[in-house]
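Data first, discussion second: the structure below is written as structure tokens.
As the structure is a computational prediction, the values presented were derived from the model and not from experiment. So you know, we letter chains A, B, ... as the sequences are listed, proteins then strands, and number each from 1.
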4 protein chains.
Amino acid sequence: MFGAVFAHGPVAGAVGDGAWLEAMLEVEAALARALAGARLVPAETAAAITEAARVAPIDVETLSRAAARTGNPVVALVEALSAAVPKDARPAVHRGATSQDVIDTAMMLLAKRAGALLLEDLAAGADAAATLASRHRATLIAGRTLLQQALPMTFGLKAAGWLHALDAARGRLRDVLERGLYVQFGGATGTLAALQDRGVEVGELLARELGLAMPVMPWHTHRLPVLEIAGAVAGAGLVLGKIARDVTLLAQSEVGEVREAPGEQKGVSSTMPHKRNPVAAVAMLGCTRRVPGLLATLAAAGEQEHERAAGGWHVEWETFSDLLRLTGSAASWGRELLAGLEVNGERMRHNLQQAGAAVVAENLTALLAPTMGRVPALDLVRRAVALAEQSNAPLLTVLLETPSTATALATAKLDAGAVARALEPKQYLGSTDAWIDRTLAAHAAQAMAEGAHP
Amino acid sequence: MFGAVFAHGPVAGAVGDGAWLEAMLEVEAALARALAGARLVPAETAAAITEAARVAPIDVETLSRAAARTGNPVVALVEALSAAVPKDARPAVHRGATSQDVIDTAMMLLAKRAGALLLEDLAAGADAAATLASRHRATLIAGRTLLQQALPMTFGLKAAGWLHALDAARGRLRDVLERGLYVQFGGATGTLAALQDRGVEVGELLARELGLAMPVMPWHTHRLPVLEIAGAVAGAGLVLGKIARDVTLLAQSEVGEVREAPGEQKGVSSTMPHKRNPVAAVAMLGCTRRVPGLLATLAAAGEQEHERAAGGWHVEWETFSDLLRLTGSAASWGRELLAGLEVNGERMRHNLQQAGAAVVAENLTALLAPTMGRVPALDLVRRAVALAEQSNAPLLTVLLETPSTATALATAKLDAGAVARALEPKQYLGSTDAWIDRTLAAHAAQAMAEGAHP
Amino acid sequence: MFGAVFAHGPVAGAVGDGAWLEAMLEVEAALARALAGARLVPAETAAAITEAARVAPIDVETLSRAAARTGNPVVALVEALSAAVPKDARPAVHRGATSQDVIDTAMMLLAKRAGALLLEDLAAGADAAATLASRHRATLIAGRTLLQQALPMTFGLKAAGWLHALDAARGRLRDVLERGLYVQFGGATGTLAALQDRGVEVGELLARELGLAMPVMPWHTHRLPVLEIAGAVAGAGLVLGKIARDVTLLAQSEVGEVREAPGEQKGVSSTMPHKRNPVAAVAMLGCTRRVPGLLATLAAAGEQEHERAAGGWHVEWETFSDLLRLTGSAASWGRELLAGLEVNGERMRHNLQQAGAAVVAENLTALLAPTMGRVPALDLVRRAVALAEQSNAPLLTVLLETPSTATALATAKLDAGAVARALEPKQYLGSTDAWIDRTLAAHAAQAMAEGAHP
Amino acid sequence: MFGAVFAHGPVAGAVGDGAWLEAMLEVEAALARALAGARLVPAETAAAITEAARVAPIDVETLSRAAARTGNPVVALVEALSAAVPKDARPAVHRGATSQDVIDTAMMLLAKRAGALLLEDLAAGADAAATLASRHRATLIAGRTLLQQALPMTFGLKAAGWLHALDAARGRLRDVLERGLYVQFGGATGTLAALQDRGVEVGELLARELGLAMPVMPWHTHRLPVLEIAGAVAGAGLVLGKIARDVTLLAQSEVGEVREAPGEQKGVSSTMPHKRNPVAAVAMLGCTRRVPGLLATLAAAGEQEHERAAGGWHVEWETFSDLLRLTGSAASWGRELLAGLEVNGERMRHNLQQAGAAVVAENLTALLAPTMGRVPALDLVRRAVALAEQSNAPLLTVLLETPSTATALATAKLDAGAVARALEPKQYLGSTDAWIDRTLAAHAAQAMAEGAHP
């Protein structure tokens, strides 16, 4: 019903029931090949199992029903797969493994594929943010703290902030996906007893088959790997949520500085003909705000008993999928949002002017501080701002005509021209350009590094 | 894939896509009848809309896709429903309402139905716990604190604890379902402007049509009702989780005091032929441990902006359904678990004896305290227990033969018989029977009250 | 360091270390009197213990250090209290109780006192909101959905929404405080074995001494009562967070519709002389956004093993205090904020006019729907609004001069005057007044009921 | 009151009020030196500010009260520090910085110091686990899945699992501490406007002064760094919780396989003289179970508005400290627990024998599978196990004497000796030794790497 909001883009499909089933079958097939690699089963057996895993008519519904008896769907999966292979290959099916090996390793395969799709959408979003940062490098906008106009900055710097955050989230996620996806292979209690002294070797072959890392030892009830993936995904969620929050605020009727790209019926209301809602940003928040709860659930589930948890493990299955689905959905919405964002530079300048010279009053304080002290200067300017506001007079006039400020300005050797320049927003942008340059350069470097090791 | 674990029992079906669609259509139909009741539309129009809502071929998939443009599925639903009614009835469809009115009110209908099913499973579980409490009123078991044997109690008292907790959770949930399910009807910003001065009247008729309560004013961005339902459901989750945790602990191989009822292939392992796993209890924990994260998500989502939230509202849709589904699933598992629980009284007695007389050592302390002071008595007995443990001698012998304790016992006028009696578990059950009686009586009273107002 | 933000107002003091110590001593004293009431100890003994609990020089620091050995501070507390009473009274100290009885019951006393203080601040906040609702009943403001101007409403209705939410939160919290604070008294495993068959009687006397409710049976590992209190407190947090969120949005530089009351240095920036930050609203959000995590922690902690939890119980101590402290702090900030809120009706009207007649375009749709159908009407008006925006022309002009709309208006028999009236915000307020009346009446009724049972 | 439980060990002191104050003063002093390094203020001025920051009588209580007006304690801190420096140095105090720069950078200094202390306790715990893994390499114990005995393993392997998890958590935390602690320096809106074009240079000098990393751009409202630290700390919490959970289970009266080291009054009960509670493990769980809620709170707080968040930022202050304090406390408890753990190998063997040969029944299945198929073999053995249990006969006897199994064994060419060997736990340990070797080697390598870059 709500799939279009919460299962937007490609990730949802990579963590659904079908993806789980496919991944579990792939694990069973890869295990057969690993056993063959270790010469514990004939190569033809492995080939037969691999083929059966590809074509056997195994049904999600049936597995699910069976899981009600055994607590997980693997018993039924193994039975179904066994039934689909030649009789003499059957003993090789699932050999050495336990249900958890299959589910955990399948979960890592899901993370790998869903993670790669997520990275793609994040990268596209970052590229779009880079374009905004570059194009609006000099587009003045009010910087806002505690939702109050504070000091001038440029929209390019805001976009650079989004870009840098997206790049940081991408970097961490890529790192985890490249180094933190471990095969789980331990048998019932981690000893791989059924394979005598060949377990580690088979595990290493299995990892190679699946393109996963081999852990120092099995991690059946040591769930740091799950938390690390979840943390990296949640990091992307955090960044996407911040961007969406900024966009909803900038798109407010009274602010009007950005709008989402229009689309057929996009953002329309069921009753209000004049509305154009920030659908993508709202959908993003509808996704990202579920992330902290899912992350906490996975963190709490990590307290797992002995060699297989009674509940804590089971908690992970749907939660892990949901976390990827929702973050993936937010990333897809975010990519579209950033690529199509309409930026209204005129409105940004207008809003900044409305606040008046007050937003650069800090600058004056800095100019007055050397001669009169920082705190008294702050106080003096604060009173001038209040006076200008009450009397509806320009701050410059108030500063030059009020005796106390006039004296202070004179002491600081600041004439009217210097004060006027000090109150000019575009003169008060400090390191704005430098930050944008650094961020764009870092983005380019990251893109190049990814290209080298895609 | 994992539906058998997390969508066990009847509640899942009452919060799925189909249930949402049905409920939303029902709201639109009821609104038409309410408008007719207020004579704002003809009765035949209301009848036509009601009929169309029942039979129109409206597809979840289509609505979901449409929701990607408008942010929710109601715009498309209204279009589809309008297309299915006679042309002159169309202006009456959705009249006065906004998307949120339909979704929120539908969510309350879901809560009503899913909640009723949940209550049924909880009641069946409570009845089963009552039977256990009554039947095992005198079945000795070790009471355990911090997972250490502490003092004797009976399994009946433990079951009475489960019963009382289930009854408390049921009571709170029933209360919320009876008094806390409010119609949401406010139009875009709560004013019901489209209905001029008739909005409140139509709202009251709508509430009556749907069997929901009429709020003092619309609650579109005041989400206490959602949190209260969620809190009551989470309360049931908490209780079910506690029961499941106790059962997994009692069922441990080394404890062996209870077992889940056997079933075909129930609890079998994919590799270990000797195992009989506590499938229901584990599934319960796999459900209930996701509840706190969902509750937190709903609580955080309650900070909603102005007259419709940008994201916080959207968070609720799937989360609310998941919360009901998982708690409902746990309740269904719990009902089966409690009804079929195999209680091994012999093993309970055996485990209690293993710990020896030590578990009633507190009793001795109490008998010695009046003559020697509580703290010295505690100290003296603690040393005797340690000595008995080290020397592998019965505590009684140690007490009577160690000079310091012998003297203390003599001072307290306690002879060997009195000490032996003091060390007898069944003599040291205090208010066990009274608590069981009170709990069973309260359960009977609650059942009677529910019968009167089912 | 941050106490002024997070420990604002009276609640913090009622949940601090001193309050805990006092409450635990009170429980021990009340237990002595309950034992005396049941004639299990002499009245003078109870009096001596009560006096010692009042005056004994017991130090939080010492108890805390002792707790490192035993896992909780009660063992040391009992020793210290015993040392402070006459020798023959010592056996009566803590008689029948276990550490958990003392801590849990003390926690209920904290809830009672902190809860009462919290209710006071919430009530004061509600009164202030009622004043705003009444005073600004007709002050036009834009209703905003998804942070976009939607339809007109009045600030009084917005304040009525806050009021109603505060009243609902107060009602639930009061209910829990009045009926849901239970004495915990069960001894080590809930049997009260040390008191033979007198345990229930002593428990009832203890409850009466402390003004707490007597439970059906002990709740040592059945933590629904904790979750219910936490849920009610979190409900208040949710409401306060919503109000604070609205205020930060209304106070934005570009919106400027409300401001917090000024105070000496209130809301000033360390560098920006022109700023006046919404300190109270920001502090509220800094408190309320920690509530969901604390609620989840308590809900998860409720899965408690056997007769005393190994960790889950311990989780509650600081968490419960933090939850009350933060919500209490938010309530105190909220009370000040609402009492001093500066409402700028002129700015509200200005912002509404900026959006132009578009915000009442829904009204037009309703007038056109009967003759042309709801969906076509919505479409027609949507196009007119877009045209007006693009051409910077008044919507009224566009409507009357565009052939398609002119025809539609004629068909619906709407002349220029009727259309102009339809576009007038104050003509399109629907049930605004009725909702405000209902909310104020409900508030008055609640205040009266509270006065009757304060 | 509960400090001994939740503020155990050195970390608590490194995140308390005093540590915050010290760190904030250090930031102000380092900023002065950085300004001097950039020749924006004289070296003597920087020296005077540095000295004042060291000795000025600045009081936490006063700052806290002041924070009630301005929303954070930095305004008052700057005033107090300014008052303590020579008049001509005052304009240099806090120059270019905003409150958030000071608090965020101070928070990173806290993370650095508290993190280092946490790492020390984790390393000590890991060393103790390594000793256990090595010493008990061959100590047989039942591996347990879903709290049921499953297959034999050794206690050394269990300890190796703890070790590996601790090492993984340490590795990630060290990585974040070394590379992820960034200076925050952006001025009010990130532009560092007050420093004209010198901001980046001063930021770099500031980072160097404090031993923190220089970010690509300011992260005032981009909180991934906070989440990454929190995630790494929470990872340690997860691992500590798992260890504590295992210990509480192994220490159960009915299991009795480990005990915490005794200490004066350690683990005693206030009433039950025989108890020796697993105080450290319980305290650990009391800490670690609060971690997921804190992590979620920080993750949710990351959705920060524009250039300074209205609430989301404030949420972090106490939460971040609590997270470090609780994880640090758990690590200190864990270090003591692991160093003193009493391992009862005899009891482990006894418990394993109680379960009988059944725990190696999997082995039989593997031996029978090649000739009869895996699923039929599993079935056959399952029936034999059930029969042995019902008839209370040794599994070996049942296997040899039941016609169906006897035939199957014969077909598989397994004689009585081979079956007996197959049922011998120590013959069925698979890769146990290999895993322990790998884990110990990885631990040694990590320790060596840390020694090289301490």
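Of all the listed residues (A:Gly241, A:Gly373, A:Ala194), the one sharing the greatest number of non-hydrogen pairs under 4.5 Å with chain D is A:Ala194. Counting heavy-atom pairs closer than 4.5 Å to chain D, the top-ranked of the candidates A:Ala366, A:Gly293, A:Ala300 is A:Ala300. Highest contact tally toward chain D, considering only A:Gly190, A:Ser82, A:Ala442, is held by A:Gly190 [criterion: heavy-atom pairs under 4.5 Å]. The choice from D:Met372, D:Arg95, D:Glu228, D:Arg198 that makes the most heavy-atom pairs within less than 4.5 Å of chain A is D:Glu228. For the options D:Leu250, D:Leu249, D:Asp197, heavy-atom pairs under 4.5 Å to chain A are most numerous at D:Leu249. The residue among A:Ala434, A:Ala296, A:Gly430 with the most heavy atom pairs within less than 4.5 Å of chain D is A:Gly430. Note on D:Lys87, D:Met153, D:His220: by heavy-atom pairs under 4.5 Å with chain A, the leading option is D:Met153.
Both the backbone and the side chain of A:Ala168 come within contact range of chain D, with heavy atoms under 4.5 Å apart. Neither the backbone nor the side chain of A:Thr297 comes within contact range of chain D, judged by heavy atoms closer than 4.5 Å. For chain D, no part of A:Trp219 is nearby; none of its heavy atoms comes within less than 4.5 Å.
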Discussion item. The test is salt bridge (charged side-chain N to carboxylate O under 4.0 Å, His left out); show your working for D:Arg289 and A:Glu303 and say whether it passes.
Written reply: CA-CA 9 Å; D:Arg289 286 183 180 175; A:Glu303 185 202 304; 2.8 Å; yes

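Looking at A:Arg308 and A:Ser99, their side chains never bring a donor and an acceptor atom within 3.5 Å of each other.
Remark: D:Glu257 engages D:Arg144 in a salt bridge, criterion side-chain N to carboxylate O under 4.0 Å.
For residues 230-237 of chain D, a heavy-atom distance under 4.5 Å to chain A picks out D:Gly231, D:Ala234, D:Gly235, given by residue number.
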